[in-house]
Amino acid sequence: MFDVRLLRAEPETVERALADKGGAELVRRVLAIDERRRARVREADDLKAQRNRASELIAQAKRRGEDAAADIARQREVGDRIKVLDGELRTIDDELEGLVAEIPNLPHPSVPPGTSDADNVEVRSWGTPREFGFVPRPHEELGEELGLLDLPRAARMAKARFAIMWGPLARLSRALAQFMLDLHTREHGYTELWLPQLVNGETMLRTGQLPKFEEQLFKTQEADEGRTLYLIPTAEVPLSALHFDETLPEASLPRRYTAYSPCYRREAGTYGKDMKGIYRQHQFDKVELVKIATPEQADAELESMVDNAETVLRRLELPYRVVERCVGDLGFSTTRGYDIEVWRPALGKYTEISSCSNYGAFGGRRGKIRYRSAAGGRSEFCATLNGSGLAVGRTIIAVLENYQEADGTVTMPPALAPYLNGLERLTAER
RNA sequence: GGAGGGGUGACCGAGCGGCCGAAGGUGCGGCACUGGAAAUGCCGUGCACGGGCGAACCCUGUGCCGUGGGUUCAAAUCCCACCCCCUCCGCCA
């Protein structure tokens, strides 16, 4: 949620900053409505003050046993007028809120210019892609030939873009998730949470999923009640909703949370895109990272969050690169963000495996997450950050493709040994 | 699913439609007392939004007693709807 006060104070700055993101003309409309709103608030407040004074006088008169019929009659009109004003105010508020909700966050001044992911800037890379003595094959071929990745049966019982993982591959998936969680909780200072995977519409609204991404969500209904619940598209949703409407002590910041959860996405409008294998699925697992910090802490916390996610890949010895997203590729709420892309031998390029974003106070304002310093004083909105640490399905892809052997088997990364109960290699199921 | 009870400030808990932003207690902060502490005493102790010069302190207006409506000159208090919690019974991983 954009800060209307900033918009009031420096409209030109905001217009200029949003030129690339296409939100500039909104500024003037919002300012006009905001002006109207404040005038109305003032008028209504004045009338209410008058009403309160008059009510007090009426009360006193009644206590003295005097007749206050005339005053009461006069006050009735004031009450009616207040009711009208409050009604108008509600309309104005809705309109204003709707408009403000359309204003995207301001990009951090350091964000590189650009219009699409083609303009993203590589900031570093790690690892050297392995030399294969053969032509490396895509993960879906490896998985299916090993009899461990089963897409046809999944499509039969559900629909396309669902998967079944057999035996050791399922175990690999579980091992990866546990490895990531242990890393983040034991070494990176995150607290693990287990959360609802279905949430109500209001939570979806306030986490920015609705109404914009309604067609990307799976929706459920309790059988005999009308209530709608949505399957989460990422644990970011319940994780960032955790402290909505709370004021946190500044000393408790930054807070670092992680959660492992399945993610459900309809992926409407992406048919024909990424249809091979399990790169883009309706259901996948992810270890999510969320931070709540002061705005001053947020920049450093973004850097450490990216490093936390990179550490997963370094431990797994998977080559990757980090790109900073350009202005045009930043999400609506993001002020600054990085993508981590892992090496895909079968494709001969890097593909996305994590995305880390700093929402700044924009995120805190939307969820009304505040903090107050020990010294007291006014509360301020927290900055929120989130990132994947990592998407498990895509990590499986990277392991299969980078660790494949000429005979079609797949060696397991040494870092996973404690989680695999002796499994060192994926081989064909008999 | 059936029957009943309840949601008030950080916590417990009172509250006849006006004198209630809300008694009392606990907690917390300060001061006094003490060699120091405990105990005790005194004082203080909500949030949001707007205005006063959007620096601070401060002053001031409005709103907030689960949420949203309604009745009324006036609602924590009356009415309606919804949400949540608790107890008992039933069912159940």
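Per chain, numbering begins at 1; letters A, B, ... match sequence-line order.
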Output all residues satisfying ring pair (Phe, Tyr, Trp, His ring centres under 6.0 Å) with [X], sequence neighbours left out; order by chain, then residue number.
X: F218(A); value: H282(A)
X: F362(A); value: F332(A)
X: F2(A); value: none
X: Y257(A); value: H243(A)

With sequence neighbours left out, what residues match E95(A) under salt bridge (Lys or Arg N to Asp or Glu O under 4.0 Å)?
R36(A)
In chain order, what residues pass the side-chain hydrogen bond (donor to acceptor under 3.5 Å, both in side chains) check against [X], with sequence neighbours excluded?
X: E352(A); result: none
X: E43(A); result: R81(A)
X: S379(A); result: none

Main chain of I353(A), side chain of R394(A): is a donor-acceptor contact present, judged purely on distance under 3.5 Å?
no
Does a nitrogen or oxygen in the side chain of N52(A) sit under 4.0 Å from OP1 or OP2 of G61(B)?
no
When you measure from the side-chain N and O atoms of R53(A) to the phosphate of A74(B), is any distance below 4.0 Å, counting only OP1 and OP2?
no
Within the 4.0 Å heavy-atom criterion, would you say R8(A) contacts the bases, only the backbone, or no part of the nucleic acid?
sugar-phosphate
Using a 4.0 Å heavy-atom cut-off across all strands, classify T247(A) as base, sugar-phosphate, or nothing.
nothing
Which atom pairs, donor and acceptor, lie under 3.5 Å between side-chain atoms of residues 174-181 of chain A and protein residues at least two apart or in another chain?
none

Given RNA chain B, 5'-ward residue of the pair S379(A) and G79(A), judged by closest heavy atom
S379(A)
Writing each nucleotide of RNA chain B 5' to 3' as (, ), [, ], | or . by Watson-Crick or G-U pairing under 3.5 Å yields ((((((((.[[[..)..(.....]]]((((((.......))))))(((((((.....))))))).[[[[[..)....]]]]])))))))....
What's the CD1-P distance between I82(A) and A74(B), to the nearest Å?
8 Å
Any residue in residues 36-49 of chain A with a heavy atom nearer than 4.0 angstrom to RNA chain B? Just list them by number, or reply none.
R38(A), R42(A), D45(A), K48(A), A49(A)
For nucleotides 67-72 of chain B, list the nitrogen or oxygen atoms of the protein found under 3.5 Å from its nitrogen or oxygen atoms, one pair per line.
unit_1	atom_1	unit_2	atom_2	d
U71(B)	OP2	K83(A)	NZ	3.2

